[in-house]
Peer 1: 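What follows is a structure written as structure tokens; I'll ask about it next.
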Amino acid sequence: MRLDKFLGITGCCTRTEAKKLIRSGGVTVNGIPASAADSKIDPETDVIVFCGKPVVYRKYTYILMNKPQGVVSATEDGRDRTVLDLLPADMKKSGLFPCGRLDKNTVGLILLTDNGELGHRLLAPKSHVKKTYYFHSKFPISAEDAKRFSSGLILEDGYETKPAGIELEETGDCGVITLVEGKYHQIKRMLEALDNKITYLERISFGPLTLDRDLNRGDWRYLTAEEIAELEKH
Ligand code: URA
């Protein structure tokens with residue numbers, strides 16, 4: 001594998017940054033400063049040191065993003081900006097895809113990965129991966145409606161939702177919703193079934209991952225080793 005690609009996929013830096021750093025002698029391969037970004041390395045056996053720290057090789061890339069409004073959860077779109085458009089150009093073609101969908105106006109946590117098998121597993125209905133959302137609704141939700149919400153609602157297409165969690169703040173028009181499934185526009189449609197309307201929706205967790213408040217909307221970071229280990233338990 002090319003050295004710059006290796007540094008990119010392990011999350012040390014982008015491939016463009018890697019090229020500059022290699023030129024300035026900041027990367028060693030088996031103790032020898034690397035001279036070219038396109039040097040071939042074996043990720044399994046070579047010891048790569050980046051800015052003084054050994055680099056741990058991972059086969060897959062995992063990115064936690066704080067999705068802003070107005071961006072679609074897709075790999076490409078003819079009209080709107082996608083979550084992939086928020087990554088540096090040299091990362092866009094690396095097979096990354098958003099693991100699950102958030103509506104264009106929904107903000108918050110979205111996982112991007114190139115691990116198709118894990119992505120598939122996390123999204124499979126039988127996995128029941130827990131997702132939590134902070135929401136605001138147009139009208140307060142009564143205790144009776146909250147009960148209907150949590151015991152399962154019939155949506156406009158006849159689908160009966162699985163029991164969901166809802167914790168309301170005192171005003172009744174905001175709080176946290178927990179789902180273990182992910183039907184199209186699910187929360188919006190659940191509120192519509194209660195003759196109400198979602199006015200703000202932010203995903204705050206996905207399985208073991210929680211939204212990183214150090215990330216501004218549109219920012220992203222690589223998952224930590226601990227986060228990856230937790231995710232892989234699913
Ligand atoms: N439910 C919705 O209605 N929209 C989302 O983006 C996520 C869950």
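In each ligand, atom 1 is the first atom listed, and ligand 1 is the first ligand listed. Values reported hereafter were calculated over all heavy atoms of this structure, with side chains retained and with hydrogens, waters and symmetry mates removed. All residue numbers refer to positions in the sequence shown, counting from 1.
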Peer 1: Taking only heavy atoms of T106, which atoms of ligand 1 are found under 4.0 Å from at least one of them?
Peer 2: 4 (N), 5 (C), 6 (O)

Peer 1: Taking distance alone, with N or O pairs closer than 3.5 Å, would you say D103 contacts ligand 1?
Peer 2: yes

Peer 1: Just to verify, which of T75, V72, V71, D77 counts as forming a side chain to side chain contact (heavy atoms under 4.5 Å, CB included) with L84?
Peer 2: T75

Peer 1: Among all the protein's non-hydrogen atoms, which is closest to atom 7 (C) of ligand 1, and how far away is it?
Peer 2: Y133 CE2, 3.6 Å

Peer 1: Regarding ligand 1, does I187 bring an N or O atom to under 3.5 Å of one of the ligand's N or O atoms?
Peer 2: yes

Peer 1: Can you name the one residue among D42, I22, D46, V49 that meets side chain to side chain contact (heavy atoms under 4.5 Å, CB included) with V29?
Peer 2: D46

Peer 1: Anything under 30° is parallel, anything over 60° is perpendicular, the rest tilted; go ahead and classify Y134 against Y200.
Peer 2: perpendicular

Peer 1: If you measure from the Lys or Arg side-chain nitrogens to the Asp or Glu carboxylate oxygens, is any gap between E117 and R121 under 4.0 Å?
Peer 2: yes

Peer 1: Check this for me: does any side-chain nitrogen of one of E202 and R213 sit under 4.0 Å from a carboxylate oxygen of the other?
Peer 2: yes

Peer 1: So, S150 side chain and A146 main chain: donor-acceptor pair closer than 3.5 Å or not?
Peer 2: yes

Peer 1: Look at ligand 1 and say whether Y184 reaches it with a heavy atom at a distance under 4.0 Å.
Peer 2: no

Peer 1: Kindly confirm or rule out an N or O of R101 lying under 3.5 angstrom from an N or O of ligand 1.
Peer 2: no

Peer 1: For ligand 1, indicate whether the residue I198 contacts it via side chain, backbone, both or neither (heavy-atom separation under 4.0 Å).
Peer 2: neither

